[in-house]
Number of protein chains: 2
Amino acid sequence: MKKILIIEDQATMRRNLALMLQMEGFDTATAENGRAGIEKAREQQPDLVLCDVMMPELDGYAVLRALREDEAFANTPFIFLTARTDRTDVRTGMNFGADDYLAKPVVRDDLLAAVHARLARAEMLQQRFAESSGFNPDFSRPDLLQHAHGLTPRESEVLVWVAQGKSNADVAAILGMSDKTVKHHLGVCFQKMGVESRNAASLVALETLSGHRRL
Amino acid sequence: MKKILIIEDQATMRRNLALMLQMEGFDTATAENGRAGIEKAREQQPDLVLCDVMMPELDGYAVLRALREDEAFANTPFIFLTARTDRTDVRTGMNFGADDYLAKPVVRDDLLAAVHARLARAEMLQQRFAESSGFNPDFSRPDLLQHAHGLTPRESEVLVWVAQGKSNADVAAILGMSDKTVKHHLGVCFQKMGVESRNAASLVALETLSGHRRL
DNA sequence: GACATCATCGGTCGAAGGTCGTATGCACGG
DNA sequence: CCGTGCATACGACCTTCGACCGATGATGTC
């Protein structure tokens, strides 16, 4: 279940927002000013933040800036709420780095649609991040090893298979060469890469093969 | 230099936008309708897209949906441009997953501020992504191996060191045990993990130790 | 043609890795 | 009290690895 943090100084407004979100199946947390909001965010790790602009203690802009400086909230959607709805006000909020801007009084459908849209967007990024963040070396690019460590094409081919846990005999069979040749190539690899074991070489190779992903 | 794609059917508007952005030091590409815009996006790989809503061929919503379905543009900021600036129109655009919404006629300062804000936000995410995307297994978490492969605590400790390229003798010294014991634990690890070489086990272990990063 | 580089193949030898069986001490639960 | 699981340890045996020695041929380049 997604958790939403509501930072809003008016008690009735806070309750209404929380209620609307809870009826939609969201988990909610609330804070009545900026300072409390930042604390609540840190302890509750919400998936989305709804924040009023004008508040005592710390205003919405300050809250946004504080959260964006925190690694943990870099990807957390942040939606401003405010009664002031003139163009310059909206622009100020968005230019601060907010993800959306809702005008009070908040219409139920607008709120839910905005929340869902922002959560969907964040989730999409999160998913792509998870896919690429783990362990996925590109074993189809021996050329990466070649350029990274000054290996010859054949040497790097041998190495990509070794990095996949193959034995010398396996590699020999796969590449259609003698195991002696595999040994020779590997020996050269060790020298060029400055390592002394097949395991260390494997580790370095995996690191090289993993370092080239794009968002 | 950041590249910005402008999708807008009115020629003068298109020129004005491009000029404003070029004066600010941006690289620009333009397209006069949705279909052409999607093509241009794919070939130019812009860092941000400015897109009119009402266009012949394919409207802005369709362009946004098409780009969001493409892996390459998951993180690319998308800003709608439109003359229709009533509340429901803005909400529709944002709920489609746009990152911002500018009303025509576009004020220079608004445009540049919005572009900079969105680029900064995207860059922040990109940076965090790059940091975590490479090769960085967490060697301080033997418990991950334990639960993932049904290993005992001691076995997983041995394995994390093996995964770091240590020899049996090294591991024995590090963990204060006999090399015979290391061999025994490793043998059990191989069985439980369904591999037959220290190298393959290392590979599986690295995969397990790399899979738990958060955005 | 001389020379360098790359890829291929061969041998020997010692060190490291891996499998087998066996055994002890310890802790936990029935 | 006894069985089970865990960690520890030893010895014997075989396989694999990696280093050091060598050699051939196919490329290019100057």
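Computed from a prediction, not measured in an experiment: that's the story for all the values here. Here is the naming used below: chain letters follow the sequence lines, and residue numbers restart at 1 for every chain.
Residue A/Leu159 holds its CG atom at 7.0 Å from CG of A/Leu186, rounded to the nearest 0.5 Å.
Here D/dC6 presents its P atom at 7 Å from CD of B/Glu155, a figure rounded to the nearest Å. The CG-P distance, from B/Leu159 to D/dA7, rounds to 13 Å in whole Å. Atom CD in A/Glu157 sits about 9 Å away from atom P in C/dA7, given to the nearest Å. Taking atom CE of residue A/Met177 and atom C1' of nucleotide C/dC6, one finds them 12 Å apart after rounding to whole Å.
Using a 4.5 Å cut-off on side-chain heavy atoms (C-beta onward), A/Glu8 and A/Leu50 make no contact. Taking the side chain as every heavy atom from C-beta outward, A/Leu64 and A/Cys51 never approach each other to under 4.5 Å.
Between B/Thr181 and D/dA9, a side-chain N or O to OP1/OP2 separation shorter than 4.0 Å is present.
A salt bridge links B/Asp99 with B/Arg68; the closest basic N to acidic carboxylate O contact falls under 4.0 Å. Using a cut-off of 4.0 Å between Lys/Arg side-chain N and Asp/Glu carboxylate O, B/Glu157 and B/Arg154 are scored as salt-bridged.
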Nucleotide-resolved protein contact map, nucleotides 11-25 of chain C, B/S/- at heavy-atom distance under 4.0 Å: S-----BBS------
Contact pattern, 5' to 3', of nucleotides 25-30 of chain D - B, S or - by protein heavy atom under 4.0 Å: ------
Worked verdict on A/Ser167 versus A/Asp170 for side chain to side chain donor-acceptor pair (under 3.5 Å): CA-CA 5 Å; A/Ser167 73; A/Asp170 290 339; 3.3 Å; yes
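Ring pair A/Phe80/A/Tyr61 is perpendicular by interplanar angle, where above 60° counts as perpendicular and below 30° as parallel.
Taking each heavy atom of B/Asp59 and B/Val53 in turn, the nearest pair found is CB-O, 3.2 Å.
Between A/Lys192 and A/Asp179, the residue anchored nearer the 5' end of DNA chain C, judged by the nucleotide with its closest heavy atom, is A/Lys192.
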